[in-house]
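Worksheet: the structure to be examined is printed underneath.
Numbers for residues simply follow the sequence, beginning at 1.
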Amino acid sequence: MSNYPIIKLRRGKEESLLRFHPWVFSGAIESMDNKIEEGDTVKVVSHDGNPLGVGHYQIGSIAVRMLSSSLDEIDTDFYAKRLAEAFELRRGALNLCREDNNAYRLIHGEGDFLPGLIVDIYGDTAVMQAHSPGMHYAREIIARSLVDLDGAGIKNVYYKSETTLPYKASLDPQNDYIIGGYHDNVAMENGLKFYVDWLKGQKTGFFVDQRDNRALLRKYAHGRKVLNMFCYTGGFSIYALSGGAELVHSVDSSAKAVALTDANVKLNFGDSANHKAIAEDAFKYLGDMPNGYYDLVILDPPAFAKHRGAIHNALRGYQRLNAKAMEKMPSGSLLFTFSCSQAVSKEQFRLAVFSAAAQTGRRVRILHQLTQPPDHPVNIYHPEGEYLKGLILYIE
Ligand code: SAH
């Protein structure tokens, strides 16, 4: 039985927790034990003192991220059990742990009932990000549980939370290995190879969330002239080439990303691929490119809205970007367009793309509506976890 300090909610504020939403907002709190510090594990009770579960306390508008709706002890066994359940889903139903596929997301925060924690697996290395002080304090226990995870073959755990923890918490986390060290950094995705640079790359080093959408692209790429805009590690480019594209041009404003894309093309196809990577700003490239040249374009920009206040500008950005691509695409071409802004809804994104279509006067049909893959599950009680949206459009 857990003996954690207590946070008591205001009357009626237990309702969202009883509906399994995993957050307690600060405005819902009536009182809390005065010894509670940021990152502590706390017990949450209703106004009448009924226990509602345990979670990590944090200063800010989301005050508690719930770990369990019963009064579990949050110890090694707890994390080991959650990790084992998450791994079983990936290995079993999702069949993501195969000889030709060893890159996948093992823990997707609330979607795996571990709010504040992200773990991506690349072969025998786990890259772990804490988004809450509670998970930061638990990092050693979690790292050991990852290595002990039966059948997962994890030998190295790299902790990468310098930019993900709340700045005000002054935790000063260092990006470093908790267990093991750097060695093989080639990951396999659907039989294709990728260098993953978790030390210097963005996020955990690779965007596993586009796996299924890249696989879909492979089916459409045959004989096409492909522009992969915002290419980063070249994920879409490699799939397009493996699907028989006539040529692929990869564009990113970061010279490092362009070099990584070139390296990944070489890793899979040697020097024989009809591919070119270009370091250039997206709007400049789209403005300068010839009319009617690319008949398959991928637009996968970084999140334009990092918070709610930025939504309006983000939507205008999506509209401008999509219009710039659409107006130059020949009849019969395909546009793969994405938004990874969590604050922008599926409907809002679609409206921005609709506005781009209307602005350019093209005939546009939606062929597919895309989202994040199943190793990024959305807890149905926490719809905020759905962040990636995409459309495949047929442009005439
Ligand atoms: N499509 C990639 C992920 C894209 S991440 C994948 O499948 O892995 C977003 C990328 O956009 C980053 O690599 C970043 O360097 C690049 N970027 C950001 N702003 C840009 C701009 N204005 N023009 C071109 N690239 C940009």
In a check of ring-ring contact (aromatic ring centres under 6.0 Å, His included) between Tyr232 and each of Phe194, Phe207, Phe206, which one passes? Phe207
Do Arg320 and Phe283 form a cation-pi contact, if we require the NZ or CZ to be under 6.0 Å from the six-membered ring centre and within 45 degrees of the ring's axis? yes
N/O donor-acceptor pairs under 3.5 Å from side chains in residues 222-230, not counting sequence neighbours:
| from | atom 1 | to | atom 2 | distance (Å) |
| --- | --- | --- | --- | --- |
| Arg224 | NH1 | Asp295 | O | 3.1 |
| Arg224 | NH1 | Gly332 | O | 3.2 |
| Asn228 | ND2 | Ser237 | OG | 2.8 |

Using atom types as modelled, flag every donor-acceptor pair under 3.5 Å from a side chain in residues 48-62 to any protein atom, sequence neighbours excluded.
| from | atom 1 | to | atom 2 | distance (Å) |
| --- | --- | --- | --- | --- |
| Asp48 | OD1 | Arg11 | NH1 | 3.4 |
| Gln58 | OE1 | Arg65 | NE | 3.1 |

Is it true that Glu327 and Lys324 have a side-chain N and a carboxylate O under 4.0 angstrom from each other? no
Hey, is Arg90 close enough to Asp375 for a salt bridge, meaning N to O under 4.0 Å? no
Ring centroids only, cut at 6.0 angstrom: are Tyr104 and His376 within range, meaning strictly under it? no
Can you say whether the rings of His249 and Tyr293 are parallel (under 30°), tilted (30 to 60°) or perpendicular (over 60°)? parallel
List for me each residue that meets side chain to side chain contact (heavy atoms under 4.5 Å, CB included) alongside Lys13, sequence neighbours excluded, and say none if there are none. Leu9, Arg10, Ala28
Not counting sequence neighbours, which residues clear ring-ring contact (aromatic ring centres under 6.0 Å, His included) with His136? List them please. Tyr159
Stepwise, does the side chain to side chain donor-acceptor pair (under 3.5 Å) test hold for His307 with Gln342? CA-CA 8 Å; His307 52 84; Gln342 196 246 303; over 6 Å; no
Using distance only, find each side-chain donor-acceptor pair of residues 125-132 under 3.5 Å and give its atom names and separation, not counting sequence neighbours.
| from | atom 1 | to | atom 2 | distance (Å) |
| --- | --- | --- | --- | --- |
| Thr125 | OG1 | Asn156 | ND2 | 3.1 |
| Ser132 | OG | Met135 | N | 3.3 |

Solution key, residues 312-319 side-chain donor-acceptor pairs under 3.5 Å, sequence neighbours excluded:
| from | atom 1 | to | atom 2 | distance (Å) |
| --- | --- | --- | --- | --- |
| Tyr318 | OH | Phe304 | N | 3.4 |
| Tyr318 | OH | Ser339 | OG | 3.0 |
| Tyr318 | OH | Ser341 | OG | 2.7 |
| Gln319 | NE2 | Gln359 | OE1 | 2.8 |

